[in-house]
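Inspection log for the structure reproduced underneath, given as structure tokens.
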Amino acid sequence: MKEDPSYYKEYSHTPLIDRFIHATRGIKNAWRKEPNFRIEAFVALLVFGAMLVLPLSNTERAVLVLVIALVLALEIVNSIFERVLDIIHPDFSEEVKKIKDTMAGVVLLASISSVIVGLFILTRPMINFDKFFHTSLESFRTDIWVNIAGIVSILGDWQSIVGIAAVLSVFLAHKKRHELLSFLVGATGIGAIFLYFLKWVFERQRPVAAGFNSVSDYSFPSGHVFMGTVLFFSVAFILSQVNYKKVYVWSVSVAVVLLIALSRVVLSAHWLSDIFGGFVFGVFWLLLWYGINHRLWNRELITKKNN
């Protein structure tokens, strides 16, 4: 069936405000259907918040805005390519797979580059802000708040992480959701190795605490926030895949991660930038491992079909 040429003629004369509405609708559609876009947008909001708080130049702010826009735009383009290819070639094709992998690689490269650019721009002003923020919280570090923070912080301890991951792993094994099981085990297990690698690379010393801080390993990124983000966001993703309400599980997971982050600051176990770094690297690792795990399982399914 031929397309009606009047449609293109009508669209070409669409007023500017209508085109803006169409574009907004497209961004809204990406937000609803692309989980990676939502996560990247959330990280972008955190960076925008840092831009407002930290003393950056207009040039530095402009660079950050351009980098953020580039990553989000590439994520949308990647999703468009995937959908178009699925429509044109619904059956499996090795060439289509290569194109999808290449586009995903472009987004990954842009994401890694954006993190590096952000570190170059934000590191020095963030360190200065860390000292100011740490000093400002001294009056809030009373015995009551420290005790509450100590209890909340347990949620990010390795014992809690291992225990929750083990219980959920048994549940997934019972349900025979093997792909989700490997996602959880890899996200937490390999993620812990990635965390210690990051601590070894940065070797940042912890803030001096008035008797609250009893930990001795390196400070950046926060291990509690990193592993809390990895575990509880993984839990939210997994439960949303097994017919739990997405809004509830994600809301609870975000709340738990925020509470863990606040507890580590109150306990003076970390600088504020350690908390931010733990969250950003945790989200980055989840996105990376999700792609790796999904690709491995797709390859295994293809191998079984061919055999």
Side-chain angles (χ1 to χ4, degrees), residues 36 38-57 60-61 63-65 67-68 71-72 111-137 140-141 149 152-153 155-156 161 191-192 194-209 213 215 217-234 250 253-288:
N36 287 354
R38 291 196 295 270
I39 296 174
E40 290 162 359
F42 184 67
V43 174
L45 288 177
L46 292 179
V47 176
F48 278 124
M51 288 167 51
L52 295 175
V53 174
L54 299 177
L56 303 176
S57 67
E60 291 171 328
R61 289 189 174 97
V63 171
L64 289 174
V65 170
V67 169
I68 291 170
V71 174
L72 294 177
S111 300
I112 295 174
S113 300
S114 68
V115 171
I116 295 174
V117 171
L119 288 175
F120 274 122
I121 293 177
L122 297 175
T123 297
R124 181 172 296 177
M126 194 69 184
I127 290 175
N128 294 331
F129 184 79
D130 277 340
K131 297 176 181 178
F132 167 77
F133 187 81
H134 182 73
T135 304
S136 301
L137 283 182
F140 292 94
R141 293 192 176 97
V152 174
S153 183
L155 293 171
I161 299 295
F194 179 55
L195 169 64
Y196 282 105
F197 170 77
L198 291 173
K199 285 181 175 288
W200 174 76
V201 169
F202 290 101
E203 292 187 341
R204 188 183 189 186
Q205 298 301 317
R206 293 179 182 270
V208 178
N213 186 0
V215 289
D217 62 333
Y218 293 121
S219 183
F220 185 90
S222 168
H224 279 65
V225 176
F226 178 93
M227 292 305 300
T229 300
V230 169
L231 175 66
F232 291 105
F233 280 18
S234 295
W250 279 105
S253 296
V254 171
V256 170
V257 173
L258 288 176
L259 288 174
I260 293 173
L262 288 173
S263 71
R264 302 305 286 172
V265 174
V266 171
L267 290 172
S268 193
H270 289 285
W271 303 101
L272 183 62
S273 58
D274 301 337
I275 304 300
F276 182 79
F279 177 78
V280 171
F281 277 114
V283 172
F284 169 76
W285 166 246
L286 267 183
L287 289 173
L288 179 61

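In this chain, residues are counted from 1 in sequence order. Remember, it's a predicted structure, so these values are computed and weren't measured experimentally. We use all heavy atoms of the structure for the numbers below, so side chains are in, but hydrogens, waters and symmetry mates are not.
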Backbone of [Y] reached by a side-chain donor or acceptor of [X] within 3.5 Å:
| X | Y | result |
| --- | --- | --- |
| K199 | F220 | no |
| R206 | A269 | yes |
| S253 | F232 | yes |

Could you check whether any side-chain heavy atom of [X] comes within less than 4.5 Å of a side-chain heavy atom of [Y], counting everything from C-beta outward?
| X | Y | result |
| --- | --- | --- |
| F132 | N128 | no |
| V63 | E60 | no |
| F194 | L288 | no |
| S114 | I68 | no |
| V152 | L262 | no |
| S113 | V67 | no |

Can you give me the closest heavy-atom contact between [X] and [Y], atom names plus distance?
| X | Y | value |
| --- | --- | --- |
| P125 | L54 | O-CD2, 3.7 Å |
| G228 | I260 | CA-CD1, 4.4 Å |
| L72 | A41 | CD2-N, 3.9 Å |
| R264 | S153 | NH1-OG, 2.8 Å |
| S111 | V71 | OG-CG1, 3.8 Å |

For L64 and L56: C-alpha separation, side-chain torsions, deciding distance, then whether side chain to side chain contact (heavy atoms under 4.5 Å, CB included) applies. CA-CA 10 Å; L64 289 174; L56 303 176; 4.0 Å; yes
Taking atom NE2 of H270 and atom OG of S263, what is their separation to the nearest 0.5 Å? 9.0 Å
Drop me the distance from I121's CD1 to M126's CE, to the nearest 0.5 angstrom.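 That separation rounds to 14.5 Å.
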From L122, V115, V117, I116, residue fulfilling side-chain contact (heavy atoms from CB on, under 4.5 Å) relative to L119: V115
Pairs satisfying salt bridge (charged side-chain N to carboxylate O under 4.0 Å, His left out), at least one member in residues 275-287, at least two apart: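 Of all non-adjacent pairs touching residues 275-287, none passes salt bridge (charged side-chain N to carboxylate O under 4.0 Å, His left out).
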Just wondering, are more than 12 heavy atoms of other shown residues or ligands nearer than 6.0 Å to CZ in F202? yes
For atom CZ of F48, is the number of surrounding heavy atoms from other residues, nucleotides or ligands below 6.0 Å larger than 12?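 Atom CZ in F48 is packed in, count exceeds 12.
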Using side chain to side chain contact (heavy atoms under 4.5 Å, CB included), reason through Y218 and L198 one step at a time and then give a plain yes or no. CA-CA 10 Å; Y218 293 121; L198 291 173; over 6 Å; no
I'd like a table of donor-acceptor pairs (distance under 3.5 Å, sequence neighbours excluded) in which one partner is a side-chain atom from residues 272-282, with atom names and distances.
unit_1: S273; atom_1: OG; unit_2: D130; atom_2: OD2; d: 2.4
unit_1: S273; atom_1: OG; unit_2: R204; atom_2: NH1; d: 2.5
unit_1: D274; atom_1: OD1; unit_2: R204; atom_2: NH1; d: 2.9
unit_1: D274; atom_1: OD2; unit_2: S219; atom_2: OG; d: 2.1
unit_1: D274; atom_1: OD2; unit_2: W271; atom_2: N; d: 2.8

